[in-house]
Novice: 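The structure under discussion is supplied below as structure tokens; questions concerning it will follow.
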Amino acid sequence: MSVEIQRAKEEKKGLPPLPNVEVWGCVCTRFAPNPDFAIHLGNARAAILSYEYARMYRGRFVLRFEDTDPRIKTPLPEAYRLIEEDLRWLGISWDEEYVQSLRMELYYDVVKKLLAVGGAYVDLCPAHKFRELRNVGKPCPHRDEPPETQLERFDKMLEGFYSEGEAVVRVKTDLSYPDPAVRDWVAFRIIDTSKHPHPVTGDKYIVWPTYNFAAAVDDHLLGITHILRGREHAVNTIKQMFIYKHLGWRYPEVINFGRVSIEGFILSKSKMKELLRRFEDKFLGIDDPRFGTIAALRRRGILPETIKQLILELGVKSTDATVSWENIASLNRKIADRVCKRVFVVEDPVKLVIEGMTLPHEVTLRFHPAQDLGTRKYVLNRAEVFITRSDAHEALSKGGLRLMEFTNVRIVGNENGVLRGKAVSGGVEVAKEHGWGIVQWVPVEHAVKVVVLKAEGMRLRRIPCVGEAVLKNLAGEVVQMVRFGFGRVDRVERRAVRVIYAHP
RNA sequence: GCCGCGGUAGUAUAGCCCGGUCAAGUAUGCGGGCCUCUCGAGCCCGUGACGCCUAUGGGCGCGGGAGACCCGGGUUCAAAUCCCGGCCGCGGCACCA
């Protein structure tokens with residue numbers, strides 16, 4: 001279904017055109033995550049927008065892992081695959097893939113060029129001393145030493161002559177620039193990888209480019225024409241432009257968009273890491289339903305089309321956006337309602353024994369009333385079903401009810417919490433005439449324990465339920481639990497099924 | 001503290017760059033109806049930003065006046081849109097990405 005609808009929506013919304021496409025000839029965009037954690041909705045915004053623009057202009061789209069900090073934002077070995085998986089799930093494919101920690105020699109080449117043309121220098125001042133000078137707009141004594149000295153010192157850095165903190169490479173900028181952060185920023189620093197090994201390259205390198213250097217160089221080397229990234233990168237653009245100026249490169253077009261957050265969700269990577277570290281047993285992992293990671297949204301039954309649609313609606317605005325869960329839920333519901341199987345799950349179950357039914361009785365239920373999603377069949381040797389307590393109460397006062405897609409039942413008794421009923425012939429019309437409720441039900445013989453996990457703010461509530469046996473065959477599927485809500489079958493065990501609740 | 005961005009309905013946002021088409025769009029929410037076996041789903045209709053009147057259910061905004069997109073001022077025939085000031089909120093200011 002969604003392809004046509006999606007396309008129609010996109011066309012209607014229409015991403016605004018990219019600036020200066022003519023001067024670049026073709027469009028090339030990139031998504032450049034740090035593989036230190038799974039990606040969240042904010043990252044997905046950059047990924048989806050970049051990918052969509054590349055597609056829109058029939059250009060290239062590049063995936064680049066920015067893993068040049070083995071010490072503070074240490075890459076997570078499994079994150080590389082995790083991110084690829086998330087992107088694929090979102091329907092994103094990429095033409096090229098790069099890992100920065102595998103491109104170190106390239107960065108060394110460029111910085112040597114930069115040192116040779118006097119666009120950078122090796123700074124041997126302690127950090128605090130440099131900061132003092134910088135804050136008053138003064139150059140450090142190493143700034144004006146000749147290129148030969150700089151190159152020599154850089155080689156010494158590579159050889160391990162200096163230890164952490166003793167030497168950095170700085171890019172020459174404008175020392176009078178109003179924002180001190182821009183003044184002669186650090187391009188390379190020494191990281192002792194014998195103490196902080198890099199998951200990809202181990203202790204092979206000790207001189208590491210900073211984000212600003214590696215990203216700036218790669219954007220040029222890979223022919224990136226349009227950069228779409230978060231507003232928090234605004235100063236980085238200014239910093240990076242100095243390299244381009246020194247080397248005579250043309251800086252790509254930049255579009256900064258605002259932050260996205262989801263009301264009531266945790267989106268900060270550091271916060272998620274912290275929570276996982278401190279309360280490991282209280283969380284279900286990187287994709288815990290209280291987190292705003294793509295993996296978490298997937299795990300709780302949000303469909304990729306929903307996320308894509310949401311991001312395209314948000315567009316490229318520079319203002320921050322807080323999307324409400326209600327909004328995501330309604331978007332998701334519209335799509336899921338059409339494509340997901342419907343099953344019966346009963347909360348707070350009450351037994352109902354039906355008399356006057358020929359046994360064994362075979363009942364076939366469709367997974368969807370309008371789409372052909374198949375059926376499931378149950379053979380009843382005992383006419384006993386579970387229904388929800390609140391439905392039982394209502395049936396008691398109205399005298400009967402209809403078991404959806406099965407039979408009408410007149411209530412004849414209520415003993416020790418077990419309802420007794422009599423099967424009444426006829427279809428839905430009969431039930432409607434009586435004003436009886438049409439309810440979901442689960443045959444007692446074919447019931448499995450279902451635990452529904454519902455994220456409520458910071459709490460994760462366990463709702464014990466019973467469900468149809470067929471749930472055991474639906475592992476990983478997003479389902480509609482009729483008159484209960486949408487969710488995804490998270491785990492199937494011999495005696496119980498776990499469902500993560502998405503939304504009503 | 002220093003740079004930068006923003007403040008539109010209950011909520012989330014569109015529009016602002018290029019002033020009139022905005023008595024302000026969309027989604028959600030809310031109200032009602034329909035319903036193909038979900039009345040906690042779906043579909044349809046209505047309801048929203050200001051003012052006035054009201055028998056409080058709702059009604060009226062045709063011409064003129066007033067009012068209407070944080071507040072106050074200004075420019076203009078005309079401002080949600082441009083300018084100035086204020087208040088509030090957010091982001092950046094790492095040998096992080």
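Lettering follows sequence order; numbering is per chain, from 1.
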Novice: Categorize Q480(A) for me: base, sugar-phosphate, or nothing, with a 4.0 angstrom heavy-atom threshold over every strand shown.
Specialist: base
Novice: At under 4.0 Å between heavy atoms, what does V235(A) touch on the DNA or RNA strands: base, sugar-phosphate, or nothing?
Specialist: sugar-phosphate
Novice: With E164(A), which of K195(A), R71(A), R189(A) fulfils salt bridge (charged side-chain N to carboxylate O under 4.0 Å, His left out)?
Specialist: R71(A)
Novice: Mind checking side chain to side chain contact (heavy atoms under 4.5 Å, CB included) for P304(A) and listing every partner two or more places apart, or none if nothing turns up?
Specialist: W89(A)
Novice: Ignoring the backbone of Y211(A), work out which of C37(B), A97(B), C93(B) is nearest its side chain.
Specialist: A97(B)
Novice: Just to be sure I understand the rule, does V186(A) reach a base, reach only the sugar-phosphate, or reach nothing, if contact means heavy atoms closer than 4.0 Å?
Specialist: sugar-phosphate
Novice: Output a table of nitrogen or oxygen pairs between the protein and nucleotides 3-9 of chain B separated by less than 3.5 Å.
Specialist:
residue : atom : partner : partner atom : Å
C5(B)   : O2'  : R231(A) : NH1          : 3.3

Novice: Taking the six-membered ring of F344(A) as reference, does the NZ or CZ atom of R376(A) fall below 6.0 Å from its centre and within a 45° cone about the axis?
Specialist: yes
Novice: Taking only residues two or more places apart in sequence, or in another chain, which ones meet F130(A) in a ring-ring contact (aromatic ring centres under 6.0 Å, His included)?
Specialist: none
Novice: Does A55(B) have a Watson-Crick or wobble partner in any strand here, with both distances under 3.5 angstrom, and which is it?
Specialist: none
Novice: Any strand counts, and the cut-off is 3.5 Å on both contacts for Watson-Crick or G-U wobble. Which nucleotide pairs with G61(B)?
Specialist: C50(B)
Novice: Quick one: is S330(A) getting a side-chain N or O under 4.0 Å of the U28(B) phosphate, OP1 or OP2?
Specialist: yes
Novice: So, does K432(A) get its side chain near the phosphate of C37(B), meaning an N or O under 4.0 Å from OP1 or OP2?
Specialist: yes
Novice: Using purine N1 to pyrimidine N3 plus N6-O4 or O6-N4 for Watson-Crick, or N1-O2 and O6-N3 for G-U wobble, each under 3.5 Å, what pairs with C93(B)?
Specialist: G1(B)
Novice: Decide, for G57(B), between syn and anti: a glycosidic angle within 90° of 0 counts as syn, anything else as anti.
Specialist: syn
Novice: What integer number of Å spans the P atoms of A49(B) and U8(B)?
Specialist: 16 Å
Novice: Considering only side-chain heavy atoms of I72(A), which listed nucleotide, A27(B), C96(B), A41(B), is closest?
Specialist: C96(B)
Novice: Can you name the nearest heavy-atom pair linking P33(A) to L63(A), along with the distance?
Specialist: CD-CD1, 3.9 Å
Novice: What nucleic acid atoms does D337(A) come within less than 4.0 Å of, heavy atoms only: base, sugar-phosphate, or nothing?
Specialist: base
Novice: Does the base of A97(B) carry an N or O that pairs as donor and acceptor with the side chain of N236(A) under 3.5 Å?
Specialist: yes
Novice: Suppose we define a pair by two distances each less than 3.5 Å, Watson-Crick or G-U wobble; what does G31(B) pair with here?
Specialist: C45(B)
Novice: According to side chain to side chain contact (heavy atoms under 4.5 Å, CB included), who are the partners of K273(A), at least two apart in sequence or on a separate chain?
Specialist: D36(A), F37(A)
Novice: Can you figure out which of A97(B), C95(B), U28(B) approaches the side chain of A127(A) most closely?
Specialist: C95(B)
Novice: Can you find a side-chain donor-acceptor pair between S390(A) and T388(A) that sits under 3.5 Å?
Specialist: no
Novice: Of the candidate nucleotides G91(B), C39(B), U28(B), which contains the atom at the shortest distance from the side chain of E232(A)?
Specialist: G91(B)
Novice: For A80(B), give the paired nucleotide (Watson-Crick: N1-N3 plus N6-O4 or O6-N4; G-U: N1-O2 and O6-N3; both under 3.5 Å), or none.
Specialist: none
Novice: What is the pairing partner of C17(B), taking Watson-Crick or G-U wobble pairs with both distances under 3.5 Å in any strand?
Specialist: none
Novice: Assess, by modelled atom type and distance only, whether the side chains of Y107(A) and D218(A) contain a donor and an acceptor separated by less than 3.5 Å.
Specialist: yes
Novice: Distance check: side-chain N/O of K273(A) vs OP1/OP2 of C96(B), anything under 4.0 Å?
Specialist: no
Novice: What's touching nucleotides 45-49 of chain B from the protein side, N or O pairs under 3.5 Å?
Specialist:
none

Novice: Using the salt bridge (charged side-chain N to carboxylate O under 4.0 Å, His left out) definition, which of the options R483(A), K398(A), R402(A) pairs with D391(A)?
Specialist: R483(A)
Novice: If the C1' atom of U81(B) is compared with that of C17(B), how far apart are they to the nearest Å?
Specialist: 10 Å
Novice: Could you give all pairs that pass the salt bridge (Lys or Arg N to Asp or Glu O under 4.0 Å) test and reach residues 433-443 of chain A, with sequence neighbours left out?
Specialist: none
Novice: Can you check whether K204(A)'s main-chain N or O pairs, donor with acceptor, with H198(A)'s side chain at less than 3.5 Å?
Specialist: no
Novice: In whole Å, measure the gap between the C1' atoms of C30(B) and U54(B) for me.
Specialist: 23 Å
Novice: When you match L403(A) and Y501(A) each to their closest nucleotide on RNA chain B, which lands nearer the 5' end?
Specialist: L403(A)
Novice: Which nucleotide, in any strand shown, forms a Watson-Crick or G-U wobble pair with U36(B), with both distances under 3.5 Å?
Specialist: none
Novice: Who is the Watson-Crick or G-U wobble partner of G85(B), with both distances under 3.5 Å?
Specialist: C71(B)
Novice: Given C95(B), C37(B), A41(B), which nucleotide is nearest the side-chain atoms of E405(A)?
Specialist: C37(B)
Novice: Quick check on C95(B): is either OP1 or OP2 less than 4.0 Å from any side-chain nitrogen or oxygen of R71(A)?
Specialist: no
Novice: Could you work out the separation of C16(B) and C83(B) based on their P atoms and round it to a whole Å?
Specialist: 14 Å
Novice: How far does the C1' atom of G48(B) sit from the matching atom of C37(B), given to the nearest Å?
Specialist: 35 Å
Novice: Check whether any side-chain N or O of T68(A) sits under 4.0 Å from OP1 or OP2 of A97(B), and answer yes or no.
Specialist: yes
Novice: It should be established whether R189(A) places a side-chain nitrogen or oxygen under 4.0 Å from OP1 or OP2 of nucleotide C96(B).
Specialist: yes
Novice: Can you check the distance between A41(B) and G29(B), where both ends of the measurement are the P atom (answer in whole Å)?
Specialist: 9 Å
Novice: Among G40(B), C95(B), G92(B), find the nucleotide with the atom closest to the side chain of R131(A).
Specialist: C95(B)
Novice: Between A41(B), G91(B), C95(B), which nucleotide gets closest to the side-chain atoms of R259(A)?
Specialist: G91(B)
Novice: State whether a side-chain donor-acceptor pair under 3.5 Å links Y211(A) with E66(A).
Specialist: no
